[in-house]
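Heads up: the structure comes next, in structure tokens.
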Amino acid sequence: MASAKITFLGHASFRFESGEGTVIYFDAWLDDNPTARLRLSQVRKADIVIASHGHNDHVGDSFEICRRTQAKFVGCYEMCLVAEAHGLELGGDAVPLNPGGSTKIKDVTLTMTQAHHSLSMSPELAKGAPSGDEYFRPDGAVAGFVLSFDDGVTIYDSADTCLFSDMQLIGQMHGPQVAILPVGGMFTMGVREAARAASLIRPDVVIPCHYGETMGQPADIDELRRGVEFLSAGTKVAALEVGQTLHYTASSFRVA
């Protein structure tokens with residue numbers, strides 16, 4: 001039966017596991033994340049590590065996880081150049097994409113989608129001495145990702161973004177059953193925009209992220225639920241606590 005596990009690691013970090021056991025870390029910010037419980041030293045297995053962009057709270061511990069587990073790193077071309085500076089082989093260990101591009105690793109096809117957010121590389125992520133504003137050059141792309149598993153489960157993580165109307169195209173092209181959306185309303189869209197995004201994407205379930213008092217981005221999740229119920233009646237909201245796992249199985253889910 002088609003299934004996937006989605007574990008919330010804190011802030012915007014997630015661990016996905018396919019029905020075949022493929023483990024994917026998305027925006028893995030662990031050791032310096034004040035909301036995370038999982039530490040880098042506790043990561044034992046990873047097959048794929050995705051970084052949506054070069055801000056610390058997203059790329060985080062991605063390169064180190066790849067070095068420790070031999071996982072493939074997936075990101076935009078410029079991010080893969082930084083990964084190469086951290087010891088990952090470009091085109092081998094580090095797989096570059098641009099929005100619209102796809103790659104298949106094990107039982108999952110990864111498609112990069114557009115997102116709208118600021119572009120910069122966090123200072124400690126580049127190697128060697130900086131010159132001028134080198135560390136803050138555009139890092140290539142801020143991107144969302146669609147993860148399409150061979151068994152039919154599809155997850156869309158929009159990453160950091162505002163609301164944009166082409167989310168409807170993403171919904172139509174890929175038909176994700178699960179959508180992960182930021183709702184903090186300061187550096188990303190808020191609950192009102194996320195509810196509208198749900199109506200464009202039409203997933204079975206929305207998982208909110210990138211919000212909370214700890215990060216200075218409080219969000220009213222009850223308001224999100226009301227908005228989603230009004231705009232997309234077939235969609236439910238599952239707000240996960242750190243460490244909780246959503247088990248998605250063939251158009252249904254449970255939280256453990």
Side-chain angles (χ1 to χ4, degrees), residues 5-17 23-43 46 49-65 75 115-125 135-136 139 142-145 155-163 178-198 205-228 236-247 253 255-256:
K5 296 177 183 178
I6 302 167
T7 302
F8 181 45
L9 303 179
H11 188 51
S13 302
F14 287 87
R15 181 186 187 273
F16 306 130
E17 185 173 347
V23 174
I24 304 161
Y25 281 86
F26 192 100
D27 284 354
W29 182 39
L30 304 177
D31 279 359
D32 295 326
N33 184 346
T35 67
R37 296 175 186 167
L38 182 70
R39 296 297 149 200
L40 177 62
S41 61
Q42 296 174 288
V43 176
V49 177
I50 301 169
S52 65
H53 61 292
H55 292 166
N56 265 357
D57 59 331
H58 292 268
V59 66
D61 299 293
S62 297
F63 304 142
E64 185 60 28
I65 291 174
H116 300 278
H117 191 60
S118 59
L119 288 164
S120 62
M121 187 66 65
S122 292
E124 60 270 31
L125 295 178
Y135 284 149
F136 294 95
D139 65 358
V142 176
F145 282 84
I155 300 167
Y156 168 47
D157 191 321
S158 74
D160 284 8
T161 189
C162 62
L163 173 67
V178 180
I180 299 172
L181 304 173
V183 299
M186 180 180 293
F187 300 110
T188 67
M189 60 185 173
V191 296
R192 181 168 178 262
E193 294 82 6
R196 176 57 67 184
V205 57
V206 164
I207 300 173
C209 70
H210 210 289
Y211 72 98
E213 296 286 350
T214 302
M215 305 305 294
Q217 298 171 67
D220 187 340
I221 301 303
D222 288 335
E223 181 184 348
L224 176 66
R225 288 193 176 95
R226 290 190 293 269
V228 170
K236 303 299 181 183
V237 173
L240 302 182
E241 299 294 331
V242 173
Q244 276 192 312
T245 298
L246 183 145
H247 300 254
F253 68 90
V255 175

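Everything numeric in this text was worked out from a predicted model, so none of it was measured. This chain uses plain numbering: 1 for the first residue, then up along the sequence.
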Kindly indicate, with the supporting measurements, whether the criterion salt bridge (charged side-chain N to carboxylate O under 4.0 Å, His left out) is fulfilled by Arg225 and Glu223. CA-CA 5 Å; Arg225 288 193 176 95; Glu223 181 184 348; over 6 Å; no

Does the pair Glu17 and Ile24 meet the rule for a side chain to side chain contact (heavy atoms under 4.5 Å, CB included), with working shown? CA-CA 6 Å; Glu17 185 173 347; Ile24 304 161; over 6 Å; no

Over 12 foreign heavy atoms within 6.0 Å of CZ, Arg15: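 Correct, the count exceeds 12.
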
Return yes when atom CD of Gln42 has more than 12 non-hydrogen atoms of other residues, nucleotides or ligands closer than 6.0 Å, and no otherwise. yes

Regarding Asp27 and Ser52, is there a side-chain donor-to-acceptor distance under 3.5 Å anywhere?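 Asp27 vs Ser52: donor-acceptor pair found between side chains.
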
How about His11 and Asn33: does a side-chain donor come under 3.5 Å of a side-chain acceptor? no

Pairwise side-chain contact, [X] with [Y], heavy-atom cut-off 4.5 Å (strictly under):
X      : Y      : result
Ile207 : Phe14  : yes
Val206 : Lys236 : no
Ile155 : Phe16  : yes
Leu246 : Leu240 : yes
Gln217 : Phe187 : yes

Might you point out which heavy atoms bring [X] and [Y] nearest each other, and give the distance in Å?
X      : Y      : result
Ala115 : Asp160 : CB-O, 3.8 Å
Ala51  : Val59  : CB-CG2, 3.9 Å
Asp31  : Asp61  : N-OD2, 3.1 Å
His210 : Pro182 : CB-CB, 3.7 Å
Pro34  : Trp29  : CD-CH2, 3.6 Å
Ala239 : Tyr211 : CB-OH, 4.0 Å

Can you check side chain to side chain contact (heavy atoms under 4.5 Å, CB included) on Met186 and Met215, steps first, answer last? CA-CA 10 Å; Met186 180 180 293; Met215 305 305 294; over 6 Å; no

Would Ser118 and His55 count as a side chain to side chain contact (heavy atoms under 4.5 Å, CB included) here? Give the steps. CA-CA 9 Å; Ser118 59; His55 292 166; 3.0 Å; yes

